[in-house]
Chemist: 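Dropping the structure in here first, questions after.
Remember, it's a predicted structure, so these values are computed and weren't measured experimentally. All residue numbers in this chain count up from 1 along the given sequence.
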Amino acid sequence: MKPRISMITLGVRDLQASIRFYEQGLGLPRMESPPEVAFFTLNGTWLALYGRDSLAEDAGIPAEGSGFAGIALAHNLASDEEVDELLDQAVAAGATLIKSGQKVFWGGYSGYFADPDGYLWEVAHNPFVWIGPKDE
């Protein structure tokens with residue numbers, strides 16, 4: 001396996017609401033796509049939104065289930081202030097604040113929000129190393 005993630009697909013309950021959250025609320029650039037899916041370009045990968053039931057069917061597993069999914073997506077920024085700004089933006093767009101921005105045990109600064117389907121996003125500033133491709 002090559003060391004990369006080409007696309008992250010989130011199974012969502014309300015596709016149109018999730019599209020509004022990611023496109024209008026967070027400002028992610030949306031690509032042209034068929035009506036049953038939405039693709040967003042990220043720096044080095046794609047984010048896809050697809051109906052939760054359809055994604056489960058595609059994978060051949062049941063769609064029901066709740067609770068912690070055992071995964072968090074992360075978005076790193078260049079400063080503590082940028083972390084707080086993005087957390088505020090996400091909440092204004094309809095996210096639920098899970099953990100406000102704060103100094104963390106490993107020496108950085110981070111907080112968490114949940115998108116409208118409950119997917120966790122860690123928003124972090126790592127003062128020791130930049131993770132992922134550089135911003136353009």
Side-chain angles (χ1 to χ4, degrees):
M1 184 169 156
K2 305 260 186 210
R4 73 171 161 268
I5 294 177
S6 302
M7 181 167 31
I8 298 164
T9 304
L10 302 178
V12 299
R13 288 180 176 79
D14 183 334
L15 182 61
Q16 294 309 310
S18 292
I19 289 170
R20 280 191 302 277
F21 175 78
Y22 283 99
E23 183 176 23
Q24 296 168 9
L26 296 184
L28 297 185
R30 185 173 173 203
M31 302 167 58
E32 257 189 67
S33 49
E36 69 275 3
V37 66
F39 296 112
F40 298 87
T41 57
L42 308 178
N43 192 3
T45 191
W46 289 10
L47 174 68
L49 305 175
Y50 194 50
R52 182 179 174 88
D53 291 341
S54 298
L55 184 58
E57 181 181 339
D58 186 53
I61 60 172
E64 62 275 350
S66 63
F68 180 55
I71 186 170
L73 304 168
H75 183 81
N76 280 41
L77 294 162
S79 71
D80 298 359
E81 294 76 24
E82 288 181 34
V83 168
D84 290 334
E85 289 170 8
L86 182 52
L87 289 170
D88 289 344
Q89 179 184 357
V91 169
T96 301
L97 183 64
I98 302 299
K99 179 179 155 187
S100 60
Q102 55 195 262
K103 295 288 183 187
V104 290
F105 70 94
W106 49 267
Y109 185 86
S110 74
Y112 283 83
F113 69 84
D115 79 357
D117 284 276
Y119 291 108
L120 289 177
W121 281 84
E122 178 189 23
V123 182
H125 169 229
N126 184 331
F128 308 109
V129 64
W130 182 260
I131 299 170
K134 295 286 186 189
D135 290 335
E136 295 176 7

Chemist: With a 4.5 Å cut-off on side-chain heavy-atom distances among I, L, V, M, F, W and Y, is there a chain of contacts connecting Ile19 to Leu73?
Modeler: yes
Chemist: List, one per line, each side-chain donor-acceptor pair under 3.5 Å for residues 91-103, sequence neighbours excluded.
Modeler:
unit_1, atom_1, unit_2, atom_2, d
Gln102, NE2, Ser100, O, 3.0
Lys103, NZ, Asp80, OD2, 3.0

Chemist: Quick check: closest heavy atoms across Asp117 and Ser18, and the distance to 0.1 Å?
Modeler: OD2-OG, 3.1 Å
Chemist: Which residues end up grouped with Val104 if you chain together Ile, Leu, Val, Met, Phe, Trp and Tyr wherever their side-chain heavy atoms are less than 4.5 Å apart?
Modeler: Phe105, Trp106
Chemist: Can you give me the closest heavy-atom contact between Asn43 and Lys134, atom names plus distance?
Modeler: ND2-O, 2.6 Å
Chemist: As an exercise, state the distance from CZ of Phe113 to CG of Asp88, rounded to the nearest 0.5 Å.
Modeler: 11.5 Å
Chemist: Start with the C-alpha distance between Arg52 and Leu55, add both sets of side-chain angles, then the distance that settles side chain to side chain contact (heavy atoms under 4.5 Å, CB included), and finish with yes or no.
Modeler: CA-CA 5 Å; Arg52 182 179 174 88; Leu55 184 58; 5.9 Å; no
Chemist: What distance do Asn76 atom CG and Glu82 atom CD have between them, rounded to the nearest 0.5 Å?
Modeler: 11.0 Å
Chemist: What heavy-atom pair brings Ala114 and Leu120 nearest, and what distance separates the two atoms?
Modeler: CB-CD2, 4.3 Å
Chemist: Could you measure the distance from the CG atom of Asn126 to the OH atom of Tyr109? Nearest 0.5 Å is fine.
Modeler: 14.5 Å
Chemist: Write down the atom of Ala124, the atom of Ser110, and the distance for their closest heavy-atom approach.
Modeler: CB-CB, 3.7 Å
Chemist: Using the rule given for side chain to side chain contact (heavy atoms under 4.5 Å, CB included), can you reason through Thr41 versus Trp46, listing the C-alpha separation, both sets of side-chain angles and the distance that settles it, and then say yes or no?
Modeler: CA-CA 5 Å; Thr41 57; Trp46 289 10; 4.2 Å; yes
Chemist: Same cluster or not: are Met7 and Tyr50 linked, directly or through other Ile, Leu, Val, Met, Phe, Trp or Tyr residues, by side-chain heavy atoms under 4.5 angstrom apart?
Modeler: yes
Chemist: Taking all non-hydrogen atoms of both residues into account, name the closest pair between Gly108 and Pro127 and its distance.
Modeler: CA-CD, 3.7 Å
Chemist: Mind checking whether Tyr112 and Tyr119 sit in one hydrophobic cluster, side chains of I, L, V, M, F, W, Y counted as touching below 4.5 Å?
Modeler: no
Chemist: Could you tell me the separation between the CD atom of Glu85 and the CD atom of Glu81, rounded to the nearest 0.5 Å?
Modeler: 7.5 Å
Chemist: Could you tell me whether Ile61 atom CD1 has more than 12 heavy atoms of other residues or ligands within 6.0 Å of it?
Modeler: yes
Chemist: Same cluster or not: are Phe40 and Ile5 linked, directly or through other Ile, Leu, Val, Met, Phe, Trp or Tyr residues, by side-chain heavy atoms under 4.5 angstrom apart?
Modeler: yes
Chemist: Under 3.5 Å, which donor-acceptor pairs link side chains of residues 20-38 to any protein atom two or more places apart or in another chain?
Modeler:
unit_1, atom_1, unit_2, atom_2, d
Tyr22, OH, Asp115, OD2, 2.6
Tyr22, OH, Trp121, NE1, 3.0
Ser33, OG, Val37, O, 3.1

Chemist: Rounded to the nearest 0.5 Å, what separation is found between the CG atom of Leu49 and the CG atom of Leu47?
Modeler: 5.0 Å
Chemist: Where is the tightest heavy-atom contact between Asp53 and Ala63, given as atom of each residue plus distance?
Modeler: OD1-CB, 3.2 Å
